[in-house]
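Written out below as structure tokens is the structure these notes cover.
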Amino acid sequence: MKFKFYLLLLLASTTLISCADAGVENPAAVGKLAQNGDFDYQVDEFADIKVLRYQIPGWEDLSLKEQKLVYYLVEAGLSGRDIIWDQNYRHNLKIREALENIYTGYEGDKTTEDWKNFEIYLKRVWFSNGIHHHYSMDKLKPAFSQEYFDNLLSETGTELTGEAYEVIFNDKDAKKVNLDESKGLVEGSAVNFYGEGITAKDVEEFYAVKQSPDPNRPLAFGLNSKLVKENGKLVEKVYKSGGMYGPAIDKIVYWLEKAQGVAENQKQAEGLGLLIEYYKSGDLQTWDEYNIAWVQATEGNIDYINSFIEVYNDPLGYTGSFENIVQIKDFDMSEKMSVLEENVQWFEDNAPLMEEHKKKSVVGVTYKTVIVAGEAGDASPATPIGVNLPNSNWIRKEHGSKSVSLGNIIEAYSNAGSTGRLQEFAHDEEEIALEEEYGELADKLHTALHEVVGHASGQINPGVGETKETLKSYASTLEEGRADLVGLYYLMDPKLEELGLVDDHEKLGKAAYDGYIRNGLMTQLIRIEPGADIEESHMRNRQWVSAWVFEKGRDRGIIEKVNRDGKTYFNITDYAALRELFGELLKETQRIKSEGDYEAAKNLVENYGVKVDQDVHREVIERNKQFKSAPYSGFVNPVLVPEMDEAGEITSIKVVQPVSFEEQMLEYSEKYDVLPLEN
């Protein structure tokens, strides 16, 4: 399961729903911009993408030892950059090398439309860590001709042949992650987790016979490996030192060992030691031991997420994508939001779930607002704004979990400007006023409730397997929808006022409900092509939640579909009744997860979350044309530049900002290019 929310930049107020040389970097090579003061958040905009910057407030307040820890952890993440490119598609590294060689070596006319289209294509590939769109999963289509590309290859002496060349222009491998079973979940997905000729049936049968030493504490089989056929037999190529991705993993280990040497405390050091051991051995028992140690390491100012974690890119939900997020605790905001952590049991006890599906004791839940210091892998350039880990249900139940809200990322989004879509798609002035007054707080609280309470809530019935086994391709969207529903249910609860989190829970809840329905049934549709089904799991969950409550409340007019002046709006007439519907759906969604009811999961998602009202879709796209702001955003990372004395010891670390997106991408390719082009 992937416990993330991605920011939707759809409205004026946002809807928030993982042995290298330590030499001195030359600051002049990366450019300098103000870290504080008059800060320019926007870097670039192209196609449907906006690239932003974020700051690291409070960096100067860290001790040198803490700064070193952050620096080493950031380098560990960046050392694995090539892994996510190869995981996303088997030819990505070849294609990236060819495109970058053209970009840096071409001396022809760079004022033509063709060259501009080539630049845009390269930037889109950079942003998506490969040739498939980071969100829709569709293969990116170049706006230049094959003939022009051939000319670029020739003039720059660049070689790209065979399937890696042909796939740029043909229809093969059209979807990175395919969730349409009729096309074959594995066969129809271009993601590089399974070898040629392997089917979903092969994968399920292979892992079905795997047995954990303790059935009540199942290992995450398949999390860190590629399943291939060798001599007609299925075998795993394990991600580890000396195994698949070994050269990158060795560099990750190098930096993690340096981080362990400056750990803030013993528990943090022990956790880093287990992560290093896991990378060296690939042993999944060690992975569980690491996650327990990581959850229990709650002291200190610095934390991190690093490894093969989230399984959204695997259509079967087994294999984790590499990611890295390095975090500095935001003490002020974490203190303000700690009330949720302290009251998580109250939320569980009062949830509208069947009693047998509630946890009698929710243990070890921690929630922090953090300042991101660096991201890599599947977390960059497109980033989550909230994360809840670990993903293992039994570890969460016995040892707890950590939830974080990425405060400076959210702040950067907020300062990057608004789009005016709220006024276009909101039903009336009251809805606009509620959003403007309470929308930002509602977003933050929904994220917090989703991560802290939602993912910690509920339990699986004894004897029922992990959701990736029982709910299969529907597991991820069911989990995200379930956590969304927990947040929605409590956003209109007077408990929020009692806890001092809001001055008016009813107005806050109304703003949250308006925004969720408006997005789930209309505005998120600007992200998909006309006539297409919804494929991305988060988009699916927002639609099946919204469409289900709309249908169930139709006879009572709880949500009206209004047509005014040829435009469609959705108007909530009874917020209290809508809250009851959210509660009913939450109860059913938890039942599905607790009982492993695959057919019910399939019916819920397929009937409400996949198909789009084509008339509304066409209308939304037409109405959205007036807005030029890109619907997707991501980030370049601040660059941590160490300064050293004559003995080679770090004396200080400065933060500088990259001037351009292409500058950072080219620098990353030069510095962290460690894997073969085929793996």
- Message: Contact between Asp378 and Gln87 at the side-chain level, heavy atoms closer than 4.5 Å - yes or no?
- Response: no
The side-chain hydrogen bond (donor to acceptor under 3.5 Å, both in side chains) partner of Tyr668 among Asp82, Asn637, Asp673 is Asn637
Tell me if a side-chain donor or acceptor on Ser403 pairs with a main-chain N or O of Glu451 at a distance below 3.5 Å. yes
I'd like to know if the side chain of Thr319 reaches the main chain of Gly222, judged simply by a donor and an acceptor atom lying under 3.5 Å from each other, with no hydrogens or angles considered. yes
Set out, in order, the CA-CA distance, both residues' side-chain angles and the distance that settles side chain to side chain contact (heavy atoms under 4.5 Å, CB included) for Met244 and Lys226, then state yes or no. CA-CA 8 Å; Met244 189 167 183; Lys226 178 178 179 179; 3.7 Å; yes
Taking the side chain as everything from C-beta on, heavy atoms only, tell me whether Asn391 gets closer than 4.5 Å to Leu389.
yes
* Asked: Quick one: does Phe308's side chain get under 4.5 Å of Ser225's, heavy atoms only?
  -> no
Discussion item. One thing to verify: whether Glu479 and Lys468 come together as a salt bridge, which I'm taking to mean a side-chain N less than 4.0 angstrom from a carboxylate O.
Written reply: no
Review point. So, do Phe221 and Tyr207 have ring centers that fall under 6.0 Å from each other?
Key: no
Next item on the list: Without swapping roles, check the side chain of Asn224 against the backbone of Gly282 for a donor-acceptor pair under 3.5 Å.
Entry: yes
ask   = Is a side-chain N or O of Ser212 found less than 3.5 angstrom from the main chain of Pro215, in a donor-acceptor match?
value = no
**Asked** Do any N or O atoms from the side chain of Asn291 and from the backbone of Pro390 form a donor-acceptor pair under 3.5 angstrom?
**Response** no
Quiz item: Do the rings of Tyr54 and Phe635 sit parallel, tilted or perpendicular, given the 30° and 60° boundaries?
Solution: perpendicular
query: For the residue pair Tyr632 and Tyr135, is the inter-centroid distance of their aromatic rings smaller than 6.0 Å?
result: yes
- Task: Could you walk me through whether Glu341 and Lys402 pass salt bridge (Lys or Arg N to Asp or Glu O under 4.0 Å), step by step?
- Result: CA-CA 10 Å; Glu341 179 183 323; Lys402 288 180 180 178; over 6 Å; no
For Arg217, is there an ion pair with Glu398 - N to carboxylate O distance below 4.0 angstrom? yes
(message) Below 30° counts as parallel, above 60° as perpendicular, anything between as tilted: where do the rings of Trp346 and Tyr490 land?
(response) tilted
Output for pair (Asp493 CG, Asn350 CG), nearest 0.5 Å, gives 7.5 Å
message = Can you tell me how the ring of Trp294 sits relative to the ring of Tyr290, calling it parallel under 30°, perpendicular over 60° and tilted otherwise?
response = tilted
Electrostatic pair Asp303-Lys368, nearest N-O below 4.0 angstrom:
no
ask   = Would you find a donor on one side and an acceptor on the other, under 3.5 Å apart, between the side chain of Glu348 and the backbone of Gly458?
value = yes
Side chain to side chain donor-acceptor pair (under 3.5 Å) between Glu289 and Tyr278: does it pass, once the steps are laid out? CA-CA 9 Å; Glu289 293 169 4; Tyr278 167 64; over 6 Å; no
Notebook entry, point to check: Charged N to carboxylate O below 4.0 Å: is that the case for Glu299 and Lys329?
Noted result: no
Any Leu73 side-chain heavy atom under 4.5 Å of Trp255 side chain = no
Please confirm whether the backbone N or O of Ala269 pairs with a side-chain atom of Gln260, one donor and one acceptor, at under 3.5 Å?
yes
Strictly distance-based, threshold 3.5 Å: is any side-chain N or O of Gln657 a donor or acceptor partner for the main-chain N or O of Arg53?
no
Identify whether the distance between the nearest side-chain nitrogen and carboxylate oxygen of Lys495 and Glu498 falls below 4.0 Å. yes
Please examine the side chains of Ile252 and Asn306, heavy atoms only from C-beta on, and report whether any two atoms are closer than 4.5 Å.
yes
Practice problem: Could you walk me through whether Glu277 and Lys280 pass the salt bridge (Lys or Arg N to Asp or Glu O under 4.0 Å) test, one step at a time? | Solution: CA-CA 5 Å; Glu277 183 183 337; Lys280 288 181 176 180; over 6 Å; no
Derivation and outcome, ring pair (Phe, Tyr, Trp, His ring centres under 6.0 Å), residues Tyr318 and Phe193: CA-CA 9 Å; Tyr318 284 93; Phe193 293 147; over 10 Å; no
